[in-house]
Number of protein chains: 2
Amino acid sequence: MSDTAAPAESHPAKTSRTEDDAPYAATGRTTPTRSKERASYDPAVVHPILDGAYLCHLGFVRDGAPVVLPTLYARVGRRLYIHGSTGSRPLRMANTTDPGLPVCLTVTHVDGLVLARSAFHHSINYRSVVAHGVAYTVTDPDERRIALDAIVDQVVAGRSQDSRPANEKELAATAVIRLDLDEVSAKLRTGGPNDDPDDLALPFWSGVVPVARTYGAPVPSEDLDPSIPVPEYLAAR
Amino acid sequence: MSDTAAPAESHPAKTSRTEDDAPYAATGRTTPTRSKERASYDPAVVHPILDGAYLCHLGFVRDGAPVVLPTLYARVGRRLYIHGSTGSRPLRMANTTDPGLPVCLTVTHVDGLVLARSAFHHSINYRSVVAHGVAYTVTDPDERRIALDAIVDQVVAGRSQDSRPANEKELAATAVIRLDLDEVSAKLRTGGPNDDPDDLALPFWSGVVPVARTYGAPVPSEDLDPSIPVPEYLAAR
């Protein structure tokens, strides 16, 4: 474990740096090779994409080969947190690799299916964020609690304050890693198909099928005391 | 380019090997370190998860670091195909790396938010597939056409036959890579929260919020001939 994993001077308060609207710096690996006009480094674009999801795909390298696993995450200011069992591979690797585990964390929303007259111009409308960097194990107890609350609240805002906090045994079984947002970019596609002018008279339907993630009515556990109502923070979904 | 990229004897017919129900072999990297009971190597589990999506997260290694990009894909039998601009990084790397580009291709469906009485037991219900292997550039023209049709049909079944096929110029600008399904596994979580017995009397709501991907009414392009109706294959969504 590197001593830099959780520097004492940088415990994030919930609101720390969220006011910071300086754009992220473009680097070689956050500059797309094509469709450059779809890329953004603006926190006002990047952060809402991250805040609107809770599942990311985390990439890391194991024995020289890539591994991509779906996992929950949370954003706190310009930091992302991931948690998991202390036995899980990436969390264990982040803890035993000096100076940390190189990762790529990607979040994608699908907003529409784009059907062009030509097969070639078919596409999807999407919003994605790709963050590169080194993930460090978080050891500071305060930062760990902030991260664990944030991961619960990322899925259902307000839920961390309406559930039993982790006890010592659970905390001991849980690893938390942090990726500082630094080398990060968003990429978006919106709008209708980009049909070639020569294709406009073809007899094929053209347009967009909107896609959304929707939430059904909450289903209580069978053993739930029926006097406990569905919480307001769930009804809001 | 390796000569093995598109061996002439193995052009896939649309139905080739889909009847093959032999389980995939478990390997070190497809055996989870925990929750082993959630893993499956059965094509009857793996294939429907792949067939129910069209966006994957593709991981590869560039300059020693992981990269994870969202991209469309298609399954044809025990093969996955990805396409893209010949200039895009992973497709270019697959073409210039001998014997191909090591990748990890991951597909995830979110089915529910699982709210336990304890923060620790919060989870999500999901179905995911993780496929490891080496991706090869497909050079055989017939296999390329099969793959490109399949990628369009993966998004909207039947659409490849109701749009203009790629012309020579478009084909020249498009790279196709193939990942043979071999080292692949599914992982699933279903059901309600696994609350600790000691927590059952706590006054917190517990249960599942169902999650689904939904499709809105198709929105025609502004320049679409109004006499062209919404196709049946779209109405079915």
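The figures that follow rest on heavy atoms only: side chains count, while hydrogens, waters and symmetry mates do not. Chain letters run A, B, ... following the sequence lines, proteins first and then strands; every chain starts at 1.
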Exercise. Quick one: what part of B:Asp111 sits under 4.5 Å from any heavy atom of chain A, side chain, backbone, both or neither?
Worked result: neither

Exercise. Is the shortest heavy-atom distance from the side chain of A:Leu234 to the side chain of B:Leu115 under 4.5 Å?
Worked result: yes

Exercise. Taking atom CD of A:Glu168 as the centre, does the number of heavy atoms from other residues, nucleotides or ligands within less than 6.0 Å exceed 12?
Worked result: no

Problem set entry | Options A:Cys104, A:Gly207, A:Ala173, ranked by heavy-atom pairs under 4.5 Å with chain B, top entry | A:Cys104

For this session: Could you check B:Leu58, B:Val68, B:Val107, B:Leu69 and say which one makes a side chain to side chain contact (heavy atoms under 4.5 Å, CB included) with A:His57?
Result: B:Val68

Exercise. Nearest heavy-atom pair of A:Leu224 and B:Ser206: which atoms, and what distance?
Worked result: CD1-N, 3.6 Å

Seminar exercise, completed: Contact list (residues 127-135 of chain A to chain B, heavy-atom gap under 4.5 Å, by number) returns A:Ser128, A:Val130, A:His132

Exercise. If you count heavy-atom pairs under 4.5 Å with chain A, which of B:Gly59, B:Pro102, B:Ser118 comes out on top?
Worked result: B:Ser118

For this session: Please look at A:Leu72 and chain B and tell me whether the side chain, the backbone, both or neither of the residue comes under 4.5 angstrom of a heavy atom of that chain.
Result: side chain

Seminar exercise, completed: Whatever's closer than 4.5 Å to a heavy atom in chain A on B:Ala201 counts as neither

Exercise. Do the side chains of A:His83 and B:Phe120 get nearer than 4.5 Å, heavy atoms only?
Worked result: no

Exercise. Using a cut-off of under 4.5 Å for heavy-atom pairs, which of B:Ala212, B:Pro231, B:Gly64 has the most such pairs with chain A?
Worked result: B:Ala212

For this session: Among B:Ser227, B:Ala65, B:Gly87, B:Ser85, single out the residue with the greatest number of heavy-atom pairs under 4.5 Å to chain A.
Result: B:Ser85

Exercise. Given that the side chain runs from C-beta out, which part of B:Tyr54 has a heavy atom under 4.5 Å from chain A: side chain, backbone, both or neither?
Worked result: side chain

Problem set entry | Under 4.5 Å from any heavy atom of chain B - which part of A:Thr174 | side chain

Problem set entry | chain A contact via B:Asp199 - which portion, at a heavy-atom distance below 4.5 Å | side chain

Problem set entry | Top contributor to chain B interface from A:Val155, A:Asp162, A:Leu200 [non-hydrogen pairs under 4.5 Å] | A:Asp162

Problem set entry | Spacing of OG belonging to B:Ser221 relative to CZ belonging to A:Phe204, to within rounding of 0.5 Å | 14.0 Å

Problem set entry | Residue selection (most heavy-atom pairs with chain B, distance under 4.5 Å) from A:Arg89, A:Arg159, A:His121 | A:Arg159

Problem set entry | Contact check, side chains of B:Arg164 and A:Asp198, non-hydrogen atoms, under 4.5 Å | no

For this session: Heavy atoms only, distances under 4.5 angstrom: which of B:Val208, B:Leu113, B:Thr214 has the most pairs with chain A? Name it, please.
Result: B:Thr214

Exercise. What pair of heavy atoms forms the shortest contact from B:Gly216 to A:Val209, and how long is it?
Worked result: O-CG1, 3.7 Å

For this session: Could you look at B:Val152 and say if it's the side chain, the backbone, both or neither that has a heavy atom under 4.5 Å from chain A?
Result: side chain

Exercise. Quick one: CD1 on A:Ile124 to CG on B:Leu55, what's the gap to the nearest 0.5 Å?
Worked result: 4.5 Å

Seminar exercise, completed: So the salt bridge (charged side-chain N to carboxylate O under 4.0 Å, His left out) pairs with at least one residue in residues 207-227 of chain A (sequence neighbours excluded) are A:Asp223-B:Arg117

Exercise. Which atom names give the shortest non-hydrogen contact between B:Ala116 and A:Ser163, and what distance separates them?
Worked result: O-CB, 4.3 Å

For this session: Measure across A:Ile228 and B:Pro203 and return the closest heavy-atom pair with its distance rounded to 0.1 Å.
Result: CD1-C, 3.7 Å

Exercise. Do B:Asp196 and A:Glu170 have side chains that get closer than 4.5 Å, going by heavy atoms?
Worked result: yes

Problem set entry | Best-contacting candidate, A:Pro70, A:Gly192, A:Ala166, A:Pro32, against chain B by heavy atom pairs under 4.5 angstrom | A:Pro70

Problem set entry | Top contributor to chain A contacts, counting heavy-atom pairs under 4.5 Å, from B:Pro165, B:Gly191, B:Gly112, B:Pro229 | B:Pro229

Problem set entry | Whether over 12 other heavy atoms sit under 6.0 Å from A:Lys36 NZ | yes

For this session: Can you tell which part of A:His122 gets under 4.5 Å to a heavy atom of chain B, answering side chain, backbone, both or neither?
Result: side chain

Exercise. Hey, are A:Asp63 and B:Arg29 close enough for a salt bridge, meaning a charged N less than 4.0 Å from a carboxylate O?
Worked result: no

